[in-house]
Amino acid sequence: MKKVIVISTSLRHGSNSDMLADKFVEGAKAAGNEVEKISLVGKNIQFCKGCFGCQKLGRCVIDDDVNNIMAKVIQADVVCWATPIYYYEMSGQMKTLIDRMNAMYEQDYHFRDVYLLTTAAEDETETPKRAEIWIDCYPKSHLAEHLFCGGVNDAREIEGNDKLREAFELGKKI
């Protein structure tokens, strides 16, 4: 059994990436893993100030929801991020959270496998590629798999799409 954290970064109700995240969670639970899904909806996540206080403290100096999220991510065996792709990049709220979890870089984080679930209105192969690069900042980890569903724009447009089944199967094989 692995400890799995799934972070859904879309703030839109009924988002396509959140639906992928839910299916991934179902699959990971079906495989017997301990799974927690963290949605960024309603979370207080401020911008990084670039003070590098986190490098001294092992946590961010800003008192919002980030330190609690980071504590869970550090202890996870597997981390899965779900994000819509905006302008060929991860969502701004995902980028802000990653920036704020800078304290993790120097710590003994447990996760080695990072999964990425992305959706976008665009459907070209290259659409989600830039959303993967940040994983290189965590040298003990690697991108285990990236599931992309293009051609979905409106809320819940992904319903009935085979990518939902693929997300379930991806979670199940952890």
Side-chain angles (χ1 to χ4, degrees), residues 1-13 15 17-18 20-22 24-25 28-29 31-120 126-148 167 170-171 174:
M1 179 177 79
K2 293 182 180 178
K3 187 172 185 177
V4 180
I5 295 292
V6 178
I7 302 172
S8 180
T9 69
S10 179
L11 302 181
R12 179 169 70 170
H13 179 71
S15 80
S17 61
D18 191 55
L20 279 180
D22 287 342
F24 185 92
V25 166
K29 284 182 177 180
N33 295 296
E34 177 187 336
V35 184
E36 180 179 355
K37 179 184 170 194
I38 299 170
S39 171
L40 298 190
V41 174
K43 296 287 190 279
N44 178 16
I45 300 174
Q46 298 175 36
F47 292 110
C48 178
K49 296 177 181 184
C51 68
F52 290 102
C54 61
Q55 296 299 305
K56 295 175 190 138
L57 298 172
R59 61 175 174 72
C60 185
V61 300
I62 302 170
D63 187 23
D64 60 9
D65 291 321
V66 171
N67 286 321
N68 289 334
I69 294 170
M70 185 173 60
K72 293 176 182 188
V73 171
I74 287 171
Q75 295 302 315
D77 299 307
V78 174
V79 180
C80 176
W81 293 79
T83 186
I85 298 295
Y86 298 144
Y87 295 95
Y88 299 95
E89 187 54 90
M90 71 184 82
S91 66
Q93 50 275 18
M94 179 174 167
K95 176 67 167 96
T96 300
L97 180 59
I98 290 169
D99 288 348
R100 288 286 310 291
M101 293 195 315
N102 188 49
M104 258 182 6
Y105 182 75
E106 295 290 331
Q107 295 188 35
D108 186 24
Y109 52 89
H110 293 252
F111 64 92
R112 299 299 180 257
D113 295 334
V114 177
Y115 290 82
L116 189 58
L117 309 172
T118 58
T119 59
E126 295 301 311
T127 299
K129 293 298 179 189
R130 286 186 276 191
E132 300 174 355
I133 296 169
W134 67 272
I135 297 167
D136 292 344
C137 294
Y138 294 92
K140 294 186 282 184
S141 301
H142 70 280
L143 179 63
E145 198 154 337
H146 182 170
L147 177 63
F148 171 63
L170 187 58
I174 292 177

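All values reported here derive from a predicted model rather than from experimental measurement. Heavy atoms only: backbone and side chains are in, while hydrogens, waters and symmetry mates are out.
Between V61 and L57 there is a side-chain heavy-atom pair separated by less than 4.5 Å. Residues I135 and H142 have side chains not in contact (no heavy-atom distance under 4.5 Å, counting atoms from C-beta outward). A heavy-atom distance below 4.5 Å is found between the side chains of L170 and L117. When side chains are defined from C-beta on, W81 does not count as touching V6, because their heavy atoms never get closer than 4.5 Å. Looking only at side-chain heavy atoms (C-beta outward), I7 and L97 come within less than 4.5 Å of each other.
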Would you please test T119 and L20 for side chain to side chain contact (heavy atoms under 4.5 Å, CB included) and show each step?
CA-CA 9 Å; T119 59; L20 279 180; 3.6 Å; yes

List the steps, then state whether side chain to side chain contact (heavy atoms under 4.5 Å, CB included) holds for Y138 with V114.
CA-CA 10 Å; Y138 294 92; V114 177; over 6 Å; no

Please lay out, stage by stage, how Y109 and S141 fare under the test side chain to side chain contact (heavy atoms under 4.5 Å, CB included).
CA-CA 9 Å; Y109 52 89; S141 301; 3.3 Å; yes

T9/M90 under side chain to side chain contact (heavy atoms under 4.5 Å, CB included): CA gap, chis, key distance, verdict:
CA-CA 9 Å; T9 69; M90 71 184 82; over 6 Å; no

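Sorted by first and then second residue, the pairs that involve residues 68-88 and meet salt bridge (Lys or Arg N to Asp or Glu O under 4.0 Å), not counting sequence neighbours, are E36-K72. The list of salt bridge (Lys or Arg N to Asp or Glu O under 4.0 Å) pairs with a residue in residues 91-115, not counting sequence neighbours, reads D64-R100, K95-D99, D108-K140.
Checking side-chain atoms of Q107 against main-chain N and O of G58 turns up a donor-acceptor pair under 3.5 Å. Under the 3.5 Å distance criterion, the side-chain polar atoms of T118 are left unmatched by any main-chain donor or acceptor of P84. Within the 3.5 Å criterion, the main-chain N or O of N67 finds no donor-acceptor partner in the side chain of R59. Within the 3.5 Å criterion, the main-chain N or O of A82 finds no donor-acceptor partner in the side chain of S8. No donor-acceptor distance shorter than 3.5 angstrom exists from the side chain of E34 to the backbone of K3, with no hydrogens or angles considered.
Summarising the geometry of G171 relative to N33, their closest heavy-atom pair is O-ND2, 4.5 Å, with the distance given to 0.1 Å. Pairing each heavy atom of C137 with each of Y105, the nearest pair is O-CE1, 2.7 Å. Closest approach of A21 and K37 over heavy atoms only: CB-CE, 4.3 Å. Of all the heavy atoms in M1 and G32, the pair that sits closest is CG-O, 3.1 Å.
Interatomic distance, CG of L143 versus CD1 of I133, reported as 11.5 Å (0.5 Å rounding). If you take CD1 on I69 and SG on C60, they are separated by 11.5 Å, rounding to the nearest 0.5 Å. Between the CE atom of M104 and the CD1 atom of I98 there is a distance of 8.5 Å, given to the nearest 0.5 Å.
For S17, there are no side-chain hydrogen bond (donor to acceptor under 3.5 Å, both in side chains) partners two or more places apart in sequence or in a different chain. Applying the side-chain hydrogen bond (donor to acceptor under 3.5 Å, both in side chains) rule to E89 yields no partners; only residues at least two apart in sequence or on another chain are considered. Looking at residues two or more places apart in sequence or on another chain, you find no ring pair (Phe, Tyr, Trp, His ring centres under 6.0 Å) involving F148.
Ring planes of Y115 and F24: tilted class, angle from 30 to 60°.
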Show which side-chain atoms of residues 38-48 pair as donor or acceptor with protein atoms under 3.5 Å away, not counting sequence neighbours.
from, atom 1, to, atom 2, distance (Å)
S39, OG, V41, N, 3.2
K43, NZ, S39, O, 3.4

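Under the side chain to side chain contact (heavy atoms under 4.5 Å, CB included) test applied with F111, the options V4, V73, I74, I5 reduce to a single match, V73.
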